[in-house]
K.L.:
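Here's a structure for you.
Throughout, numbering of the chain's residues begins at 1 and tracks the sequence.
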Amino acid sequence: MNDLEICKRIAEIEGKYIECDLPSSVVIHNGGDGKEYNPLTDDGLCFRLMVKYGLTFNDENDMYGVASCKYSDEYLCVNESPNKAICLAIIAAHKDV
């Protein structure tokens, strides 16, 4: 998945209405105002999603340049970007939704 596809999928999981696509994020409908929605670059948003979905984050392999994120002992996503690892774990946990 590219960054735009990740942002769109997270927005869908969150029940956000997507107004339009930007090159690497989406704009969501927010009471008439458009707001950029990109959990890959917005650390606060990504942290809130991690807490909301009960993910376990592990950066013990940080010296190797990777981070991992785990959801309920089933899904483990590893990526160079901690935010991307978190988003991919959420997407994997909601693949049937």
Side-chain angles (χ1 to χ4, degrees):
M1 293 182 100
N2 66 33
D3 289 356
L4 178 59
E5 292 168 332
I6 291 170
C7 289
K8 287 173 86 170
R9 184 64 184 121
I10 295 293
E12 290 169 358
I13 291 167
E14 284 290 288
K16 307 288 185 190
Y17 173 75
I18 300 170
E19 286 184 344
C20 67
D21 298 340
L22 298 175
S24 63
S25 63
V26 295
V27 173
I28 60 169
H29 181 73
N30 187 19
D33 296 329
K35 180 180 178 187
E36 186 174 351
Y37 187 86
N38 189 337
L40 297 174
T41 59
D42 185 338
D43 293 339
L45 171 59
C46 194
F47 176 77
R48 288 189 299 276
L49 290 169
M50 182 179 78
V51 171
K52 178 179 180 179
Y53 291 102
L55 301 176
T56 303
F57 183 76
N58 180 0
D59 65 349
E60 69 183 34
N61 294 323
D62 192 40
M63 67 182 186
Y64 301 109
V66 297
S68 63
C69 194
K70 193 175 192 180
Y71 177 77
S72 75
D73 294 332
E74 290 183 48
Y75 306 102
L76 177 65
C77 295
V78 179
N79 198 279
E80 312 82 39
S81 162
N83 288 21
K84 191 173 272 190
I86 290 166
C87 290
L88 291 174
I90 293 169
I91 291 167
H94 292 86
K95 65 182 174 199
D96 296 329
V97 177

K.L.:
Assess the residue pair His94 and Glu12 against the criterion (side-chain contact (heavy atoms from CB on, under 4.5 Å)); give the C-alpha distance rounded to whole Å, side-chain angles, the decisive distance to 0.1 Å, and a yes or no.
P.N.:
CA-CA 10 Å; His94 292 86; Glu12 290 169 358; over 6 Å; no
K.L.:
If you round to the nearest 0.5 Å, how far is CZ of Arg9 from CG of Leu4?
P.N.:
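Output value for this atom pair is 14.0 Å.
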K.L.:
Would you call Lys84 and Asp3 a side-chain contact if the rule is heavy atoms closer than 4.5 Å?
P.N.:
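Counting from C-beta outward, Lys84 and Asp3 do come under 4.5 Å.
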K.L.:
Which heavy atom of Ile86 sits nearest to which heavy atom of Met50, and what is that distance?
P.N.:
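It is CD1-SD, 3.7 Å.
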K.L.:
I need the minimum non-hydrogen distance between Met1 and Leu88, along with the two atoms involved.
P.N.:
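Scanning both residues completely, I find the closest heavy atoms to be SD-CD2, 4.5 Å.
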K.L.:
Rounded to the nearest 0.5 Å, what separation is found between the CG atom of Asn38 and the SG atom of Cys87?
P.N.:
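Between atom CG of Asn38 and atom SG of Cys87 there are 8.0 Å.
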K.L.:
Could you walk me through whether Lys52 and Ile90 pass the side-chain contact (heavy atoms from CB on, under 4.5 Å) check?
P.N.:
CA-CA 10 Å; Lys52 178 179 180 179; Ile90 293 169; over 6 Å; no
K.L.:
Checking side-chain contact (heavy atoms from CB on, under 4.5 Å) between Pro39 and each of Asn83, Ile6, Leu45, which is the one that passes?
P.N.:
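The side-chain contact (heavy atoms from CB on, under 4.5 Å) with Pro39 is passed solely by Leu45 among Asn83, Ile6, Leu45.
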K.L.:
Strictly below 4.0 Å, N to O, side chains only: are Lys8 and Glu5 in salt-bridge contact?
P.N.:
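Looking at Glu5 together with Lys8, the answer is no, because their closest N to O distance does not fall below 4.0 Å.
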